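Because the structure is a prediction, the values reported are computed rather than measured.
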Amino acid sequence: MKRRAFISLLGGAAVAWPLAARAQQAAMPVIGFLSIRSSDTDAQFLASFRQGLSEHGLAEGRNVAVEYRYAQGQPDRLPSLAADLVRRQVAIIVTTGGAQAALAAKAATTAIPIVFTTGSDPVREGLVISRA
C-alpha cells in the first residue's frame with residue numbers, strides 16, 4: 001500500500017509541477033499605443049515602431065503585447081482612450097500624432113512612462129519641464 005501511495009504522490013506531483021511552473025512565469029509586458037489618427041494613417045509609423053521593437057529583441061505576441069487605441073481624428077476621444085490604457089496597467093505608453101495624444105496620456109497618469117513624438121517644442125507644449 002505504501003508503494004501505491006508513493007506512486008500516486010509522484011504522479012500527482014508530475015502533473016502539478018508544470019502548472020505551478022507556468023503560474024510563476026512573469027506576465028508578458030504590455031505597451032500601450034495611443035494615436036489621434038487611425039491605424040490606416042499610422043501604417044508607416046507602425047511599421048517603424050515594430051521594426052524598432054524587433055531590433056531590441058521584442059516581437060509582438062511573442063514576448064511583448066501591444067494595446068492599440070486610435071482616436072480616429074477626434075481629439076476629444078483621447079482622454080478616455082488614455083484612461084483605458086492606464087486601467088489596463090500597461091508598462092509604457094507610446095503616443096503618436098502630435099502633442100495632443102501625449103498630453104492626454106500625461107493627464108491620465110504620473111506613474112506610467114510616456115514616449116511621444118512631436119514636431120513642436122515639448123517644453124512649450126507642456127509635455128516636459130525642460131529638455132534636460
Side-chain angles (χ1 to χ4, degrees):
M1 192 64 166
K2 289 183 181 180
R3 183 176 171 180
R4 285 187 186 155
F6 178 73
I7 292 172
S8 294
L9 178 66
L10 210 61
V15 169
W17 179 64
L19 297 174
R22 197 173 324 141
Q24 292 176 3
Q25 290 177 350
M28 187 180 302
V30 179
I31 298 171
F33 185 93
L34 179 64
S35 176
I36 192 166
R37 299 183 293 238
S38 69
S39 59
D40 293 338
T41 55
D42 264 354
Q44 184 176 2
F45 182 84
L46 284 173
S48 297
F49 174 69
R50 289 181 179 125
Q51 180 181 348
L53 290 176
S54 176
E55 289 170 0
H56 288 88
L58 299 171
E60 191 174 349
R62 187 178 50 147
N63 56 4
V64 69
V66 182
E67 290 282 330
Y68 297 96
R69 301 294 183 271
Y70 294 99
Q72 305 295 335
Q74 300 173 24
D76 57 314
R77 293 186 62 210
L78 288 169
S80 64
L81 295 173
D84 185 46
L85 291 173
V86 171
R87 276 191 301 279
R88 175 72 172 86
Q89 297 181 335
V90 298
I92 189 167
I93 298 174
V94 175
T95 70
T96 184
Q100 289 176 315
L103 288 168
K106 182 180 176 188
T109 183
T110 57
I112 299 172
I114 301 166
V115 176
F116 60 88
T117 60
T118 183
S120 60
D121 181 355
V123 176
R124 191 170 358 118
E125 292 287 343
L127 294 168
V128 295
I129 296 169
S130 72
R131 290 183 186 249

Output a table of donor-acceptor pairs, distance under 3.5 Å, between side-chain atoms of residues 125-132 and any protein atom two or more places apart or on a different chain; print 'none' if there are none.
from	atom 1	to	atom 2	distance (Å)
Glu125	OE2	Ser120	OG	3.1
Ser130	OG	Ala132	N	3.3
Arg131	NH2	Asp121	OD1	3.1

* **OG-CD distance between Ser48 and Glu55, expressed to the nearest 0.5 angstrom** =>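 These two atoms lie 9.5 Å from each other.
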* How far does OG1 of Thr41 sit from CG of Leu46, to the nearest 0.5 angstrom? ->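 It comes to 9.0 Å.
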* To do: Dump the intermediate steps for side chain to side chain contact (heavy atoms under 4.5 Å, CB included) on Phe116 and Leu103, then the final yes or no.
  => CA-CA 9 Å; Phe116 60 88; Leu103 288 168; over 6 Å; no
Which atom pair, heavy atoms only, marks the closest approach of [X] to [Y]?
{"X": "Ile112", "Y": "Ile92", "value": "CG2-CA, 3.7 Å"}
{"X": "Ile114", "Y": "Thr95", "value": "CG2-CG2, 4.2 Å"}
{"X": "Met28", "Y": "Gly61", "value": "CE-O, 3.8 Å"}

* For Gln44, does the CD atom have more than 12 heavy-atom neighbours from other residues, nucleotides or ligands under 6.0 Å away? ->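 Counting other residues, nucleotides and ligands, CD of Gln44 stays at 12 neighbours or fewer.
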* Asked: Are more than 12 heavy atoms from other residues, nucleotides or ligands located less than 6.0 Å from atom CD of Gln89?
  ->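 At most 12 heavy atoms, drawn from other residues, nucleotides or ligands, come within 6.0 Å of this atom.
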* Test item: Asn63 side-chain N/O and Gly57 main-chain N/O as donor-acceptor pair under 3.5 Å ->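 Side chain of Asn63 to backbone of Gly57, a donor-acceptor pair under 3.5 Å: yes, one is there.
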* Verify side chain to side chain contact (heavy atoms under 4.5 Å, CB included) between Thr96 and Phe49, making sure each step is shown before the conclusion. => CA-CA 10 Å; Thr96 184; Phe49 174 69; over 6 Å; no
* Qualifying residue, where the test is side-chain contact (heavy atoms from CB on, under 4.5 Å) with Ile31 and the options are Ile93, Leu53, Val90, Leu85 ->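 With Ile31 as partner, Ile93, Leu53, Val90, Leu85 yield a single side-chain contact (heavy atoms from CB on, under 4.5 Å), made by Leu53.
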